[in-house]
Amino acid sequence: MKWPIFLVWLLLAGPSWAAEPIRVASKNFNESYLLAEMLARLLEDAGYSVERRFGLGGTLICFEAMINDEIDLYVEYTGTLAQTILGRPQLVGQNALNTALASRNIELLDPIGFNNSYAIAVRRALADALGLVTIGDLAGHGLKIAVSHEFLERADGWSGLAARYGLPPRVQGIEHGLAYQAIAEGAIDVMDAYSTDGELQRYDLKLLADDRGYFPRYLAAPLVREDLPEPVKAVLNRLQGRLDDVQMQTLNAQVVFDGRSFAEVADAFLVENGLTTAHSEAIDLWQSIGHNTLQHLKLTFIALTTAIIVGVGLSLLVFRSRGTARIVTYLCGLLQTIPAIALLALMIPLFGIGPVPAIVALCLYALLPVVRNTLTALTTVDPTLIQVAVGIGLTRRQRLRYLFLPLALPSMLAGIRTAAVICIGTATLAAFIGAGGLGDPIVTGLALNDTGLILQGAIPAAVLAMFTEFAFEGLERLLLPGHLRRANRSE
Amino acid sequence: MTDTCVEFVAVSKSFGTEARVLDDVHLRLPTSATTAIIGESGCGKTTLLQHINALLDPDHGQIKVLGAPIPADRIAFRRRIGYSVQGAGLFPHMTSRENIVLLARLEGWTAGAIEQRYQALIAAMGLSGDVSGRYPSGLSGGQQQRVGLCRALMLRPRLLLLDEPFSAIDPITRADIYRHFQQVQQQEGISTILVTHDMREAVRLASWLVIMRHGRILQSASAATVRAAPADDYVARLLAEQLA
């Protein structure tokens with residue numbers, strides 16, 4: 001009877017569930033991490049306890065999480081809010097947006113200052129040579145224009161811009177990550193960019209003025225739950241007007257190019273500008289790896305245990321009926337075809353964000369190998385043996401206990417082993433919905449292009465997967481008599 | 001025939017829409033003797049056998065086993081009847097000993113009683129002690145069949161059903177198993193019903209013969225009667241061909 005208690009302990013233990021701190025989230029790109037860290041620091045400096053749920057996988061996940069009271073705040077952009085979230089692009093300005101948000105108990109605080117919008121960039125030398133100032137000046141120079149695929153497709157992307165400024169309607173598409181390299185080397189002359197990209201300074205690019213007001217404004221501001229205490233909102237508003245486009249570019253560049261951590265850059269900015277009094281302590285590397293590994297183990301262990309109980313139980317229920325067994329296997333297979341990241345996202349409306357939806361998703365993922373292997377093994381037991389088992393007078397239960405289960409065990413163990421390794425791998429994606437674990441440094445590292453950070457998650461995850469393989473090999477040696485092991489291996 | 005161990009009255013059976021596998025079978029088999037049920041593949045002999053330990057239920061007719069209709073508690077009923085099949089049907093994940101003593105353990109026999117019966121049986125069936133710890137995959141075909149017979153005999157059944165248990169074994173080994181088996185059978189006074197397609201085996205082991213064809217009983221009589229007065233041409237031909 002100690003098992004359930006242990007599981008509950010696993011669920012409840014750990015710092016992330018202890019107190020009731022203010023939950024600060026970020027999306028999974030550099031600027032969002034930086035701003036979220038600044039807000040978190042400001043709150044900590046003012047004496048609040050903060051829980052960081054950084055690196056959530058996108059706008060809708062963040063907003064859903066806020067609606068479901070899973071997080072208290074993150075930094076959003078006015079344009080994104082109006083278009084993507086509210087679907088009303090005509091809404092402009094803090095007041096108009098807040099009126100629209102009031103019914104959802106969400107509030108947009110004061111803008112931080114900069115406008116991270118789409119922009120059109122050219123090499124500064126080229127701009128000076130040709131006297132390019134506005135986007136309209138591009139016309140008639142025969143310049144090589146290439147824009148990101150997304151910008152090319154978007155309704156508010158290139159086609160509208162070209163029409164507004166009289167530019168060629170069809171231009172080349174290019175992967176955004178490669179565009180900076182291409183423009184620096186002169187392979188292209190004009191590209192789309194985000195106006196606060198750190199690369200703009202690094203490659204000495206000039207943004208052309210949008211004098212005909214084509215691009216919507218993407219002013220960054222803290223988006224918070226309305227029920228946060230007023231003093232907390234006041235602390236968050238201390239960032240109001242503190243960062244313009246160029247300053248934001250500089251901070252972004254410090255993370256992307258100078259190899260400094262976003263926490264370090266955020267901290268330095270706050271102290272230099274007198275927004276916080278003291279530097280915060282750096283987090284110990286091993287402590288954070290240990291913490292993430294433990295969280296990762298919790299996620300996989302609970303998910304796997306549940307999948308084994310549900311999967312084996314389900315298989316035992318249905319294996320006697322060939323039709324039902326087929327349907328169950330098929331349904332489990334269907335679950336497997338949902339991409340992991342989509343399955344995680346689908347869990348959010350049902351379970352919010354955090355460990356619970358991640359565990360449910362992992363469990364669904366682990367179900368197929370367990371169910372398929374168990375069912376296959378149970379349904380392929382030699383019919384002669386079944387006939388003998390009935391004929392010599394074994395009860396249904398005894399047939400299960402002395403015939404079906406022992407014969408199915410090798411295949412079941414192999415399925416569980418596969419499920420365990422899948423779980424460990426897939427659990428790294430759980431960080432996208434704020435479940436923590438070894439995916440945390442991986443997601444952050446991916447967003448920040450920080451290989452060191454990625455390895456902090458990837459290496460322990462690989463070690464865990466290997467360790468699991470070894471553990472199962474040992475378990476098989478322990479549980480299976482020699483001849484069944486041999487049979488299993490030759491399969 | 002005074003005592004009957006098995007009695008069929010007007011038993012019919014068919015699977016799905018196919019022709020009857022058992023067609024109006026009337027049968028009385030003697031106690032404490034060996035009966036052989038003989039016929040070609042598909043004649044219904046295995047189906048008939050599986051009605052005796054209630055692996056199959058008849059569509060029509062009544063069956064009495066050991067003097068009574070088949071009771072509701074089929075588990076206890078089947079444990080009073082020994083059962084062994086071609087290839088022995090040993091559980092591959094259990095050692096020989098585990099296979100043999102499984103039912104005695106489930107019946108709650110003491111360790112002492114189990115050990116005593118086990119040792120007596122393997123000795124009687126001509127098995128050496130070193131097969132005890134081996135898995136079926138490590139046994140020869142003859143050893144497997146002996147272990148299968150030991151398992152069928154473990155609970156001291158009054159009735160033993162054997163479905164072609166000797167057909168995949170070489171003649172020399174087979175003769176040795178016959179000898180051991182017949183000793184045990186006589187010592188314990190077991191009624192045996194043996195399904196076989198081999199007339200030689202039938203007359204070697206059985207005192208009562210049942211000859212089947214197309215789901216019907218052609219003749220059910222003592223071996224001597226069948227040999228002296230075959231019921232029809234088919235039986236006569238079967239005897240002539242196989243015993244020549």
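Every value quoted in this text rests on a predicted model; they were computed, and no experiment measured them. Residue numbering restarts at 1 for every chain, and letters A, B, ... go by the order of the sequence lines.
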Hey, which residues of residues 375-398 of chain A are touching chain B, say heavy atoms under 4.5 Å apart?
-> T384(A), L385(A), Q387(A), V388(A), A389(A), V390(A), G391(A), I392(A), G393(A), L394(A), T395(A), Q398(A)
With a 4.5 angstrom heavy-atom cut-off, which part of L155(B) approaches chain A: side chain, backbone, both or neither?
-> neither
Give a yes or no on this: more than 12 heavy atoms of other residues, nucleotides or ligands lie within 6.0 Å of atom CZ of F467(A).
-> no
Can you establish whether the number of heavy atoms outside R158(B) located under 6.0 Å from its atom CZ is more than 12?
-> no
Near Q116(B) CD, under 6.0 Å, is it more than 12 heavy atoms from other residues, nucleotides or ligands?
-> no
Given that the side chain runs from C-beta out, which part of Q50(B) has a heavy atom under 4.5 Å from chain A: side chain, backbone, both or neither?
-> side chain
Selection residues 40-57 of chain B - residue pairs positive for salt bridge (Lys or Arg N to Asp or Glu O under 4.0 Å), sequence neighbours left out = K45(B)-E164(B), D57(B)-R74(B)
Of all the residues in residues 311-320 of chain A, which have a heavy atom that comes within less than 4.5 Å of a heavy atom in chain B?
-> none
Look at the side chain of H93(B) and the backbone N and O of L409(A), then say whether any donor-acceptor pair between them is shorter than 3.5 Å.
-> no
Side chain, backbone, both or neither: which part of I75(B) has a non-hydrogen atom closer than 4.5 Å to chain A?
-> both
Measuring from L103(B):CG to Y402(A):OH, what's the distance to the nearest 0.5 Å?
-> 10.0 Å
Residue pairs, two or more places apart or on separate chains, that pass salt bridge (Lys or Arg N to Asp or Glu O under 4.0 Å) and touch residues 103-116 of chain B | R79(B)-E107(B), R97(B)-E115(B)
